[in-house]
Structures are given as C-alpha cells and as structure tokens.
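Lettering of chains follows the sequences in order, A, B, ..., and the numbering in each one begins at 1. None of the values given here were measured: they were computed from a predicted structure.
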2 protein chains.
Amino acid sequence: MNPDAIKRSLAGSGLRSTPQRYAVMAFLMKQTSHPTAAEIFEAVNRVDPRSSRATIYNNLRDLVQAGLVREVAMEGRAARFDATGTRHHHFICDRCGKIEDMDWYAVPRPAAASLGKRVLRECELICRGLCTQCASRRAPTQDSGLKERINTWKKK
Amino acid sequence: MNPDAIKRSLAGSGLRSTPQRYAVMAFLMKQTSHPTAAEIFEAVNRVDPRSSRATIYNNLRDLVQAGLVREVAMEGRAARFDATGTRHHHFICDRCGKIEDMDWYAVPRPAAASLGKRVLRECELICRGLCTQCASRRAPTQDSGLKERINTWKKK
DNA sequence: ACAACTATTTAGATCATATCTAATCTGAAA
DNA sequence: TTTCAGATTAGATATGATCTAAATAGTTGT
C-alpha cells in the first residue's frame, strides 16, 4: 500500500496524518505477525525515534476505534494488533501464545431469536491449539515452558 | 450441582478439594454472568473470608488448566471466567464490556489444508455488538461512556 | 492416631501492561 | 499566515497478574 492510500484512509476516518500515526499504521500493514504495543513501539522508533509510549497507545486506540486496526486480547499476555486489510480468523497457540491468521470463511450467525434485542456487529472465530512449530516439538518454544522446567528442577 | 459432585470433579483433575478452591468453583458454577478475578475474590470472601488474592489467581489458573473453567480475555479490561458446564458461544458488548452466553451451535472448522500441521483443540465464536441494554439507550451504561461525556464536557 | 510428604495458602513485594496528566506542539482549514 | 482543535510528550499513576518464601493443611502409609 502506498503512502497516499494510507493517508487517505486515515483522513477518511477523521484522523490527521501525523508522522507518528502514519508510522504505526504503515508498520502494521506490512506486518504479517501480530505485534504487541511494546513491539510496535520499538519497531517504529527504531526507524524514527519520535513516538512516546503514550502516543503508540493513543494511536492504537484511535485506529481500533476507526476500524482500521484490530485488537486481539490475550489471556495473561499483552494484547496484539493487526491492520484489518483482509478478513481472516485467528489461531492462537496454547503453548507459545503466537497468533496466526487463518483463511477467512463465512461463519453462521446466531439465530435472530437467540440474539433478541442485541445488535450484532461481527462474529469472529478464535481457534486454539498448537501451532506448527509447537506441535512438532516436545518442549514449548517460549517462556511458559522455561518456567515449567525451572519449577520441576527446583523441586529436586 | 451438589457439593460432592464438585469435589469429585476436582479430584478427577488431580486437584485437592480445599475450602478456598471449592468456594471458587461453587461460586462460578452458580453464576450466570462472567465475573472477573477481583469480583470472585470479593464474592468468595464475603461468605468466608479465607482466600487471599494470590489463592484466587492460583485456583483460577489451576481450574482453567484442568478444563473446568474457561477464561475469556478482554481488550483493555480484566479477564473474565466461567465454569464450562454447558457449551456456549460468547457475546461481548462493545460499549459496556459485559459478556453474555449465546446458545451453542456447531461452527464449521477450518479446512485441513488451511490448518497444515497445526493441532486444533477448539473453535469458539466471539460475537460483538451492543447488548440489549446498551442497544436501547443512547448513553453507555458504564465507564467508557462516562469518560466520553467528561471529555466532551471538559473541552467546553 | 501419628508421622511424613507434598500440595496449597498467605501477605506483601514485584512485575507487566495500560492509562492519565497537564504542558506543549502541529497539521491543515480558512 | 493565522488559528486552534487535534496530537504528542515524559513521567506519574492505575490496574491486573504473578512471584516469593514461609506457614499451613490435605492426604497417604503405618
């Protein structure tokens, strides 16, 4: 996506295009993974160190509100973000916490009767299990496993 | 659910039945809402003040690991818990953050080809929109709305 | 009933994540 | 240009969750 397109989509949501906000958006769009706010902060400032932590959070909040970015809450870990260019479902690894995009396919919505007076905006599918890497290893690939091993070791 | 049944399901997962752990489980089972850890802490201790905060978190972690309790991560808010007695999907209100259970219905799983070597454990549907109460009001029913109103007011 | 073993609990410190504050700056409309 | 609401900032603060090390209490075997 070219710079002007990003600026236009920001303007379209009533958001000014500032260097900081542009950087967050551009970074998220070229990212296939789902970075945390801290990762975005670091990556953006590595290129151009003009964003404070508050600004990253402010902009993420605004971009999410504008529907340009999606936030995925994680059990016990920092939230992760992606630019909602193409529609997709999510796969979360039970073991290492990684989020991966799954091809999108239509999911049946709840029946009107069961919705009642609720107003439905969207339905997303969260799949859980083991990612390719974790599935093929006995030991976890990240912290949770390290902790486990240390605990086991301590007790001996 | 009677006391013995709870104790049996704890034992079945290799967990001792302690007053504190029993209290958390019993409270979650009779709850139709989805309390946060803080709410569980308060409710459990109102009846019998013997649980520390760490114990609540320890037990929630153990119960989730045992598959007796489900944790639902929330964007920007405390995680919420429910005892996974009956299977159901979730509806999260964009405005007040309330979680409600939706009737369960089967959701098509991702195609084997798109899963690759990943190991799928479960798929859950997260529906978002406005709850009955919020849909019928102009003003939000909780904090986010209050903040909004205060901000608007400040700038005048 | 008792000893022995280990899981569990505890208060408080600490960590991790996110938000707020109030002063300052800036993009873009007129 | 001027103007000003929107945006940014550093640092303080709030919130949510976990860790520590010592004390306690269920289980099991005798």
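- With sequence neighbours excluded, the residues forming a side-chain contact (heavy atoms from CB on, under 4.5 Å) with B:Glu122 are A:Arg128, B:Arg70, B:Glu124, listed by chain and number.
- Once rounded to the nearest 0.5 Å, the distance linking CG of A:Leu125 with CE of A:Met102 reads 8.5 Å.
- Here the closest heavy-atom approach between residue B:Val72 and residue B:Ile99 is recorded as CG1-CD1, 3.7 Å.
- Counting to the nearest Å, the P atom of C:dT17 and the CD atom of B:Glu75 are 16 Å from each other.
- A straight line from CG of B:Leu15 to P of C:dT8 spans 6 Å, rounded to a whole angstrom.
- Here D:dT8 presents its P atom at 12 Å from CG of A:Asp48, a figure rounded to the nearest Å.
- A:Glu42 places its CD atom 15 Å from the P atom of C:dA16, with the value rounded to the nearest Å.
- Just one of A:Ile56, A:Thr55, A:Asp62 meets the side-chain contact (heavy atoms from CB on, under 4.5 Å) condition when paired with A:Val24; it is A:Ile56.
- When distances run from any side-chain atom of B:Ala79 to the nucleotides C:dA11, C:dA18, D:dA17, the shortest one goes to D:dA17.
- Ion pairing of A:Glu100 with B:Arg118 is present here, as a side-chain N (NZ or NE/NH1/NH2) and a carboxylate O approach within less than 4.0 Å.
- At whole-Å resolution of the value, CZ in B:Phe41 and C1' in C:dG12 are 13 Å apart.
- Using a 4.0 Å heavy-atom criterion, one finds that A:Ser51 contacts the sugar-phosphate atoms exclusively.
- Side-chain proximity of B:Arg21 to the nucleotides D:dA7, C:dT8, C:dA13 is greatest for C:dT8.
- The distance between atom CZ of B:Arg53 and atom C1' of D:dT15, rounded to the nearest whole Å, is 10 Å.
- Nearest nucleotide to the side chain of A:Ala37, out of C:dA18, D:dA17, D:dA7: C:dA18.
- Annotation: proximity of residues 54-62 of chain B to DNA chain C (heavy atom, distance under 4.0 Å) is found for B:Ala54, B:Thr55, B:Asn58, B:Asn59, numbered in ascending order.
- In this entry the distance linking CG of A:Asn45 with P of D:dT8 reads 12 Å, nearest Å.
- By the 4.5 Å heavy-atom criterion applied to side chains, A:Leu60 and A:Glu71 are not counted as neighbours.
- Taking OG of B:Ser52 as the start and CG of B:Asn45 as the end, the distance is 8.5 Å to the nearest 0.5 Å.
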Problem set entry | CA sep, side-chain torsions, deciding dist, call: A:Leu28, A:Leu68, side chain to side chain contact (heavy atoms under 4.5 Å, CB included) | CA-CA 10 Å; A:Leu28 277 179; A:Leu68 297 174; over 6 Å; no

Pairwise N/O distances under 3.5 Å, protein to nucleotides 25-30 of chain D:
| unit_1 | atom_1 | unit_2 | atom_2 | d |
| --- | --- | --- | --- | --- |
| D:dG26 | N2 | B:Arg16 | NH2 | 3.4 |

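- Taken to the nearest 0.5 Å, the CZ atom of A:Arg53 stands 14.0 Å off from the CD1 atom of A:Ile40.
- Where A:Ser52 and B:Phe81 each meet DNA chain D at their nearest nucleotide, the meeting point lying more 5' is that of A:Ser52.
- Across the protein-nucleic acid pair, B:Gln20 atom CD and C:dA11 atom C1' stand 14 Å apart, rounded to whole Å.
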